[in-house]
Amino acid sequence: LCTLTILINCLCHLGLVDFGFSVLGSILKRGFEPNAFTFNTLIRGLCSKNVIGHALEFFRKVVALGYPRTEVTYGTLINGLCKSGDAVKAVLFLREIDQNGWCIPNLVVYNMIIDGLCKQGLEKEGMNLFTEMKGKGISPDVVTYSSMIHGLCNSCQWKEAAALFDEMMNLGIRPNIVIFTAMIDGFCKGGRLEEARALFNIMLREGVVPDCITYTCLIQGLCNSGQWKEANQLFQQMSQGEVSPSVVTFNILVTALCTEGKAKEAHELFYLMIQKGVEPNLITCNALIDGYCLLGQMDQAMEFFTSMMSRGYTPDTITYSTLIYGYCKLKRMNEAWQLVKEMANKGIIVD
RNA sequence: UGACAUAGACUGCCGCU
């Protein structure tokens, strides 16, 4: 049974949930009793296929047939609801679990819901649950704090986020790389570079080693506040260390150059990243096209557009709307319409 | 011993002030 459950897990990770259910069928046929691990794995498979409705249906069936469930079962469903953008339903489900006495909501369940609420801009509701869990004697951990801090930063409540960070430190919870980076990114996004740098230094002092994401957040912050030189320094610094820049790091630099009207340099960076073994993605291409469009250099934009397709990239709605907007600004409506038709023909959503 | 759930970075327009 354990082996077959592992098999189901593999199938689900490959997106082959239907085959997973076939395996469940053969488990039953062989007279094995599937356990909670088996059901949890299948529920998770359905959730990651974005068919949360089916996951809930399946769950109801499991309940009706009296098969075993664990707190992970509920957690998986709640996470599924949150990831499908319906944290409110997740809260309702939490209440249902509570009222039926199915299980006592644990730390992970609260963490998932708080994160889901914050990601939907409902950080006030997240805060309420944060208080509620403390009241129930469940102590928030570093994950809880990082979800709350991320949410508060996203709604520009940096002071409140920083206060939570201090609260966590005072409780003796050791901040890890994720929460340091979330807080640093929050400061950067709010243009508070001094605070971001200060926290970065605290992080080093605490012996937490910054990774690619930490550097990338700082580089973006520096770029957005016009501190191009410092951004470059940091980029060199990370390249020399153990940390290699990722495609996101390069994308941020490409975007920053383009915003500065330096599409040509951005294009050179495009080649440099390939040389360094970092494969550009569609975001890189879109950013570069926008760079040319901003300068009104539609020929260069179109030339790159053609070359990216021959490199095997498939343009998306953003690629086309960038180009269309570029032509519109120059009042070249014929070319703009041409592209609208082209994207419609390709079956790309015209929004 | 070994199978299941949670947190961090990047692209266009529009809307909002």
Is the shortest distance from a Lys or Arg side-chain nitrogen in [X] or [Y] to a carboxylate oxygen in the other one below 4.0 Å?
X	Y	result
A/Lys346	A/Glu342	yes
A/Arg95	A/Glu132	yes
A/Lys134	A/Glu167	yes

Whole Å only: how far is the [atom1] atom of [X] from the [atom2] atom of [N]?
X	N	atom1	atom2	value
A/Ile283	B/rU11	CD1	P	7 Å
A/His13	B/rC4	NE2	P	8 Å
A/Leu4	B/rA3	CG	P	16 Å
A/Met343	B/rG12	CE	P	16 Å
A/Leu218	B/rC10	CG	P	13 Å
A/Ile289	B/rC13	CD1	P	13 Å
A/Lys83	B/rU6	NZ	C1'	7 Å
A/Asp115	B/rG8	CG	C1'	10 Å

Establish, with yes or no, whether the OP1 or OP2 oxygen of [N] is under 4.0 angstrom from a side-chain nitrogen or oxygen of [X].
X	N	result
A/Lys189	B/rG8	no
A/Lys119	B/rG8	yes
A/Arg44	B/rA3	no
A/His150	B/rA9	yes

How is [X] classified with respect to the nucleic acid when contacts are heavy atoms under 4.0 Å: base, sugar-phosphate, or nothing?
X	answer
A/Thr144	nothing
A/Phe37	base
A/Ile6	sugar-phosphate
A/Ser321	base
A/Cys2	base
A/Ile177	base
A/Thr38	nothing
A/Asp351	base
A/Asn154	nothing
A/Asp316	nothing

Which nucleotide in the set [options] lies at the smallest distance from any side-chain heavy atom of [X]?
X	options	result
A/Val72	B/rC10, B/rG8, B/rC4	B/rC4
A/Cys212	B/rA3, B/rA9, B/rA7	B/rA9
A/Asp290	B/rG8, B/rC4, B/rG12	B/rG12
A/Thr216	B/rA7, B/rA9, B/rA5	B/rA9
A/Val108	B/rA9, B/rA5, B/rG12	B/rA5
A/Met112	B/rG8, B/rC4, B/rU6	B/rU6
A/Ala182	B/rC10, B/rG8, B/rG12	B/rG8
A/Ser147	B/rA7, B/rG8, B/rC10	B/rA7
A/Gln220	B/rG12, B/rA5, B/rC10	B/rC10

Report task. Measure the CD1-CG distance between A/Ile219 and A/Leu253 for me, rounded to the nearest 0.5 Å. Result ->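 Answer for the CD1-CG pair, A/Ile219 versus A/Leu253, is 6.0 Å.
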
Query raised in the report: So A/Ile97 and A/Cys103, side chain to side chain contact (heavy atoms under 4.5 Å, CB included) or not? Walk me through it.
Result: CA-CA 6 Å; A/Ile97 292 167; A/Cys103 83; 3.8 Å; yes

Query - A/Trp337 atom CH2, neighbour heavy-atom count above 12 within 6.0 Å - result: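 Result for CH2/A/Trp337: open.
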
**Report entry** Nearest non-hydrogen partners of A/Met168 and A/Ile179, listed with the distance
**Finding:**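 Minimum heavy-atom separation between A/Met168 and A/Ile179: SD-CD1, 3.6 Å.
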
